K.L.:
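Following this message is one structure expressed as structure tokens.
Since the structure is predicted, the reported quantities are computational estimates derived from the model, not experimental observations. Values below: every heavy atom of this structure, side chains too, minus hydrogens, waters and symmetry copies.
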Amino acid sequence: MKSSIKRSFLLLLIYITLIVNYKYIIAFHFDYLGFQIQYFSVSKLFIATVMVILLIALGIFIRNNFYSIIYNISLTLLFFGQAIFYIYNDSDFILVLYMASPMLFLFTVDKFNNDKVNKFNKIKVDLKDFYTYIFLLFLTVILIAPYFQNINSINLKNLLFIDIYETRQSESNSSNFLMGYIFSPLSRVLLPFLFIYSVNNKKWFLTIFSTLSIIMIFLLNGALKSILIGFIAAIFFLGGSYNKKNSRFLIALFITFTVSLFQYSLSGSYLIADYIRRIFLTPAKLFQVYYDYFYENYTFFKHSSIAEILGVNEYDVFIPHFIGQSVLGRENLSANVGVFTEGFLSFGTLGVIFSSIIFVFLIYVIKQLNLSPSYFGIVFSFLYVINTAFIETLLFTHGLLFLLLFGFFFIPSDKGNIDYKRYQKK
């Protein structure tokens, strides 16, 4: 309880520094993208802040450490940006309520949590077996090999985040259907797993192999969010209990927001603020765009691949492409949004509730897999994608379904749920 209260104050500081970043940097430099301040009112600030405080306070009473870290990450990634966008823009308050629903459902699931209930009886593949180890390495090499067709176009400037989009465009023009489905399971799950496993077991050849593989995939693809964020998360969350990872994440977030303010005040640079905008505030703006377009004009999930298979698809264009290019009027823009926005455009309020239930169910399944805390960085990379991808894309293209299956067979368990028993009193 004591550590939870400390984290609640840290969450409030994160909320305040995000507001300052928005008002004095993001809204000033990106107003042309729809980030405004002229719709600010004290009443909106009061209402949104009260909701923030209530949700922060609610998180104090979450007992399970795994659910607690998911709750706090979701609160910062999903809710804070939506609340702040509502305060300063011509935005509907219902969207703030929508983005509070995942936290409320997560809190409810924690109340019914019982760690005495058996976790999934996983079938574990023994990686200490020499032949299994060699097979997994061989499989990884086979999956990486197709990307080397772009070996002649490697641009070392990508390591400094220069010309990334040009590299990504070049790779997308030469990729095929199968490579599209292999990429995320490889970069978000398999390679980070090999890296974490190698560090934990002091297999330094595997550490070098997995690290170089991640760097090569990045150079051959340029997909910053998919590769480097996942790799950084794997390193960042490698050590410590869920309790410690929770505090570490919030401290890092507060430091990032604070450094952004110092960077801008000292040099006028808003590089960090730009990434803050993309991660925390752009999804909130896009939710408003989708809300305005699809309000009482719902798709009833007829935009999906399932609807296409059943022969009831009524949309011959991918909706994020349509919104980005036809509604927002920006050429080649894909206005990617997550499962909660898809829930709304499909069924309205009921769709958001249903999407929140799906979200919590997926978190519950991951918890029941009882993965070792060392591998939480892999889970974290999907928490971000949840707010940028439709449910089918999340499960198949982005590899969440692969994570669930791979975790069942390969990722080591948190034996005896030691983390929870040891740290639940902290």
K.L.:
State whether a side-chain donor-acceptor pair under 3.5 Å links N21 with S260.
P.N.:
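Their side chains do contain a donor-acceptor pair, which is all the 3.5 Å distance test asks for.
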K.L.:
Taking atom types as modelled, find out whether T282 and R278 have a side-chain donor-acceptor pair closer than 3.5 angstrom.
P.N.:
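Side-chain D/A pair, T282 to R278: absent.
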K.L.:
Would you say the side-chain atoms of D414 pair up with the backbone N or O of P373, donor to acceptor, closer than 3.5 Å?
P.N.:
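Here the side-chain-to-backbone pair does not exist.
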K.L.:
Heavy-atom distance under 4.5 Å between the side chains of F236 and K245, does that happen here?
P.N.:
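A side-chain contact is absent here, since even the closest heavy-atom pair is not under 4.5 Å.
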K.L.:
Short question: side chain of N246, backbone of Y242 - any donor-acceptor pair under 3.5 Å?
P.N.:
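Between the backbone of Y242 and the side chain of N246 there is no qualifying donor-acceptor contact (under 3.5 Å).
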K.L.:
Do the ring planes of F410 and F406 sit parallel (below 30°), tilted (30 to 60°) or perpendicular (above 60°)?
P.N.:
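Rings of F410 and F406: parallel, as their planes differ by under 30°.
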K.L.:
Return the set of residues passing salt bridge (Lys or Arg N to Asp or Glu O under 4.0 Å) with E314 (not counting sequence neighbours), or none when no residue passes.
P.N.:
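Counting only residues at least two positions away or on another chain, E314 forms a salt bridge (Lys or Arg N to Asp or Glu O under 4.0 Å) with K302.
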K.L.:
Taking the inter-plane angle between the rings of F376 and F380 on a 0 to 90° scale, is it parallel (under 30°), tilted (30 to 60°) or perpendicular (over 60°)?
P.N.:
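Taking F380 first and then F376, their aromatic rings sit tilted (interplane angle of 30° to 60°).
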K.L.:
Among F80, Y88, F40, Y15, which residue satisfies the ring-ring contact (aromatic ring centres under 6.0 Å, His included) criterion with Y22?
P.N.:
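Running ring-ring contact (aromatic ring centres under 6.0 Å, His included) over F80, Y88, F40, Y15 with Y22 returns exactly one hit, Y88.
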K.L.:
In terms of ring plane angle, is the pair F390 and H303 parallel, tilted or perpendicular, where the classes change at 30° and 60°?
P.N.:
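Aromatic pair F390/H303 classed perpendicular.
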K.L.:
Excluding sequence neighbours, so at least two apart, what forms side chain to side chain contact (heavy atoms under 4.5 Å, CB included) with I391?
P.N.:
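Applying side chain to side chain contact (heavy atoms under 4.5 Å, CB included) to I391 gives F301, V339, E342, I358, L394, L395.
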K.L.:
Can you find a side-chain donor-acceptor pair between D92 and Q288 that sits under 3.5 Å?
P.N.:
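The criterion, which ignores hydrogens and geometry beyond distance, is satisfied for Q288 and D92.
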K.L.:
Is there a donor-acceptor contact under 3.5 Å linking the side chains of R7 and N243?
P.N.:
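R7 vs N243: donor-acceptor pair found between side chains.
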